[in-house]
Novice: 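Have a look at this one before I ask anything.
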Amino acid sequence: MNFEPHSLLQPAPHTNLATPITVAYGDGIGPEIMVATLRILTAAGARIAPEQIDIGEKIYLAGNSAGIEDSAWESLRRTKVFLKAPITTPSGGGYKSLNVTVRKTLGLYANVRPCVSYAPFVQTLHPKMDLVIVRENEEDLYAGIEHRQTDEVFQCLKLITRPGCEKIVRYAFEYAKNNGRKKVTCMIKDNIMKMTDGLFTSVFEEIGAQYPDIQRDRFIIDIGAAKLATRPEMFDVIVTPNLYGDILSDIAAEMTGSVGLAGSANIGEHVAMFEAIHGSAPDIAGKDLANPSGLLLGAVMMLVHIGQHDVAAKIHNAWLATLEAGIQTADVLHSKDGRAVGTAAFADEVISRLGQTPKQFKPVTYAESKPAQPVAAAAPLYTRAAPMKKALVGVDIFLHARPLSPEYLAQLLHSPTQQQSAVKLQMITNRGVKVWPHGFAETFCTDHWRCRFVATHSEGTISQHDIVALLAALTEAGLDVIKTENLCTFDGQRGFALGQGQ
Ligand code: NAD
């Protein structure tokens, strides 16, 4: 099937009024759903001047491991508005996810994913679902900092920052305030990750307290996800770190009837990107089967963002009227008298209803709602506090050593440690569990040992030179040091977790 995407990139009739936007047709089903979406936007009179960039599989396979060329970055930084179809990240070969690269490079810190049920026209077990997931978009495990450290152990760093937490939590509360939402729920795993997820929780409480008109509650992510899957009507706005948000939003979108139904906005201080939440669905690509609704609703969010509320509402209402007429793509569970159509015919059906309003769904108006823009104008996203008083009180040294008795390892460490008067060995852990002193024979050990050295004098500090001297002594003793982590206090508060069992 030939989609001729370029033919759609004519400037809008009133070029002087048209907002330049950057468009990428993507991979897999991307071109089909982008063509359908742009046809609807054009028919609805969207005042946009799209310019096309090529990103994704074609660029990766041409040898650009980032999947995006300089000219594409130039367009994005100039138009500051990006409508993007899904792309395929080739598996293997070390290709970095372009989606993650674009979000992080352009500072698109907030990923906003509304998930709404359209019962009875789209079958779902959860007819009353109407929630928005606000997912942190730049950090967490998606920092992509991974290492192989030993034969047996691989590591992925989970980075959670105070600016990152403040920006996303503030965005979630501002979003709730501006969109008539009543409650913001934080989903987190701070019972286990007390420092990283714990920071997210405390920022949620701090910032949430500044919004007394909006309720707030918190769930540990596992039970929270279970509640979401069974009682989604409990939730209004959910704010959560990157990985949890990625998983939750696919579950939530699928619960509404199809992952193909949900659109998404990626909002930054300078640039915003709009897309469907799903991927490039290579299994149905080129078959005219794909549901264009997710990308279309992403485009509706884009129109709101660029101030074209009238066109956004016209399209959204025509789309709802199309659902009410029982017209659906094949991925959606139909009502009994529904009719399945292909991607292109679905777009025609929406176009034929432009100007209509739905009869059973509440018609959408966007005039009152504020654009999904950054909140910097309303409240500072992040104010950097004065530097804290930092004291170096020890060091964790990670060693690669074939599984051996922890007592024997402690003996191996004894002699080089004796040469250092400033530090003493406090404990050894394996995969975070204390195995020395007083470990259990039942604990499984791998070839990755964390040896914690602390100041010899309690309450004392050590210097960087002490660490360097210790590293030299360990290396001299033939031990394979793979990394170190400094142990610090910040304004007297411990800045490191205890070992499990410590
Ligand atoms: P996917 O979302 O592409 O597909 C999952 C399932 O949902 C498939 O069965 C697919 O047919 C179906 N589906 C998805 N969108 C649909 C639509 N609009 N209409 C009908 N059915 C639809 O997830 P995947 O298969 O895990 O990933 C495929 C590729 O997409 C991978 O290369 C992945 O990296 C990429 N991906 C891209 C994005 C993005 O560009 N934002 C997001 C997620 C995945």
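Atoms within a ligand are numbered from 1 in the order they appear, just like the ligands themselves.
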Novice: Is there a donor in the side chain of Y244 and an acceptor in the side chain of D197, or the other way round, less than 3.5 Å apart?
Specialist: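 Yes, a side-chain donor-acceptor pair sits under 3.5 Å.
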Novice: Would you say R135 and N242 are linked by a side-chain donor-acceptor pair, where the criterion is simply a distance under 3.5 Å?
Specialist: yes
Novice: Would you check the N or O atoms of I277, main chain and side chain alike, for any that come under 3.5 Å of an N or O of ligand 1?
Specialist: no
Novice: Closest non-hydrogen protein atom to atom 29 (C) of ligand 1, residue and atom name please, with distance?
Specialist: S280 OG, 3.2 Å
Novice: What protein heavy atom sits nearest atom 41 (N) of ligand 1, and how far away is it?
Specialist: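 Nearest protein contact, heavy atoms only, for atom 41 (N) of ligand 1 is E275 OE1, 3.3 Å.
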Novice: With a 4.0 Å cut-off on heavy atoms, is G294 touching ligand 1?
Specialist: no
Novice: Out of all atoms in ligand 1, which are within 4.0 Å of some heavy atom of A290? Include the element for each.
Specialist: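 Listed by number with element: 19 (N).
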Novice: Take the angle between the ring planes of F398 and H448 and call it parallel below 30°, perpendicular above 60°, tilted in between.
Specialist: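 The arrangement is tilted - the two ring planes meet at 30° to 60°.
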Novice: Right, does atom 10 (C) of ligand 1 have protein non-hydrogen atoms nearer than 4.0 Å?
Specialist: yes
Novice: Kindly state if atom 5 (C) of ligand 1 has a protein heavy atom within a strict 4.0 Å cut-off, that is, under 4.0 Å?
Specialist: no
Novice: Taking 4.0 angstrom as the limit and counting only heavy atoms of P282, give me the atoms of ligand 1 inside it, by number and element.
Specialist: 28 (C)
Novice: Given T89, T343, L98, D246, which one has a non-hydrogen atom that is nearest to atom 34 (O) of ligand 1?
Specialist: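 Looking at heavy atoms only, T89 sits closest to atom 34 (O) of ligand 1.
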Novice: Protein non-hydrogen atoms only, distance under 4.0 Å: does atom 27 (O) of ligand 1 have such a neighbour?
Specialist: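 Within 4.0 Å of atom 27 (O) of ligand 1, no protein heavy atoms are found.
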Novice: Considering only the protein, which heavy-atom contact is closest to atom 38 (C) of ligand 1, and what is its distance?
Specialist: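 Heavy-atom neighbour on the protein nearest atom 38 (C) of ligand 1: N99 ND2, 3.5 Å.
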Novice: Taking the side chain as every heavy atom from C-beta outward, state whether T22 and K84 have any pair of such atoms under 4.5 Å apart.
Specialist: no
Novice: Looking just at side-chain N and O atoms, do S280 and T88 make a donor-acceptor pair shorter than 3.5 Å?
Specialist: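 Result is yes, a qualifying pair exists.
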Novice: With heavy atoms of K84 as the reference, note each atom of ligand 1 found under 4.0 Å away.
Specialist: 39 (C), 40 (O), 41 (N)
Novice: Are there protein heavy-atom neighbours of atom 24 (P) of ligand 1 below 4.0 Å?
Specialist: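 No; the ligand atom in question lacks any protein heavy-atom contact below 4.0 Å.
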Novice: Which of the atoms in ligand 1, numbered in the order shown and given with their element, are less than 4.0 Å from a heavy-atom of D331?
Specialist: 19 (N), 20 (C), 21 (N)
Novice: Give the residue and atom name of whichever protein heavy atom lies nearest to atom 3 (O) of ligand 1, and the separation in Å to one decimal.
Specialist: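 Answer, as residue, atom name and distance: A281 N, 2.8 Å.
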Novice: Report yes if some heavy atom in the side chain of I168 is under 4.5 Å from a heavy atom in the side chain of R170; otherwise report no.
Specialist: no
Novice: Decide yes or no for M301 and L303: does some side-chain heavy atom of the first lie under 4.5 Å from some side-chain heavy atom of the second?
Specialist: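 Not in contact.
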Novice: Going by the side chain to side chain contact (heavy atoms under 4.5 Å, CB included) test, name the single residue among D250, L248, V134, V132 that passes it with R113.
Specialist: D250
Novice: Out of K183, K227, K182, which one pairs with D217 under the salt bridge (charged side-chain N to carboxylate O under 4.0 Å, His left out) rule?
Specialist: K183
Novice: Could you check atom 21 (N) of ligand 1 against the protein and tell me its nearest heavy-atom contact, residue, atom and distance included?
Specialist: I284 CD1, 3.5 Å
Novice: Nearest heavy atom to atom 12 (C) of ligand 1 wins, so pick from V332, N291, V259, T329.
Specialist: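 Minimum heavy-atom distance to atom 12 (C) of ligand 1 goes to V259.
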Novice: So which heavy atom in the protein is nearest atom 2 (O) of ligand 1, and how far is it from that ligand atom?
Specialist: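 Looking at atom 2 (O) of ligand 1, the protein heavy atom closest to it is G279 N, 2.7 Å.
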Novice: Below 4.5 Å, heavy atoms only, C-beta onward: do I188 and P241 meet side chain to side chain?
Specialist: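 Yes, close enough: below the 4.5 Å cut-off.
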Novice: Is the F204 ring parallel, tilted or perpendicular to the F173 ring (thresholds 30°, 60°)?
Specialist: tilted
Novice: Among L199, I221, I220, which residue meets the side chain to side chain contact (heavy atoms under 4.5 Å, CB included) test with D190?
Specialist: I220
Novice: Would you mind checking which non-hydrogen protein atom is closest to atom 37 (C) of ligand 1, with the distance to 0.1 Å?
Specialist: I87 O, 3.1 Å
Novice: Who gets closest to atom 8 (C) of ligand 1 by heavy atom: D283, I33, L295, L261?
Specialist: D283
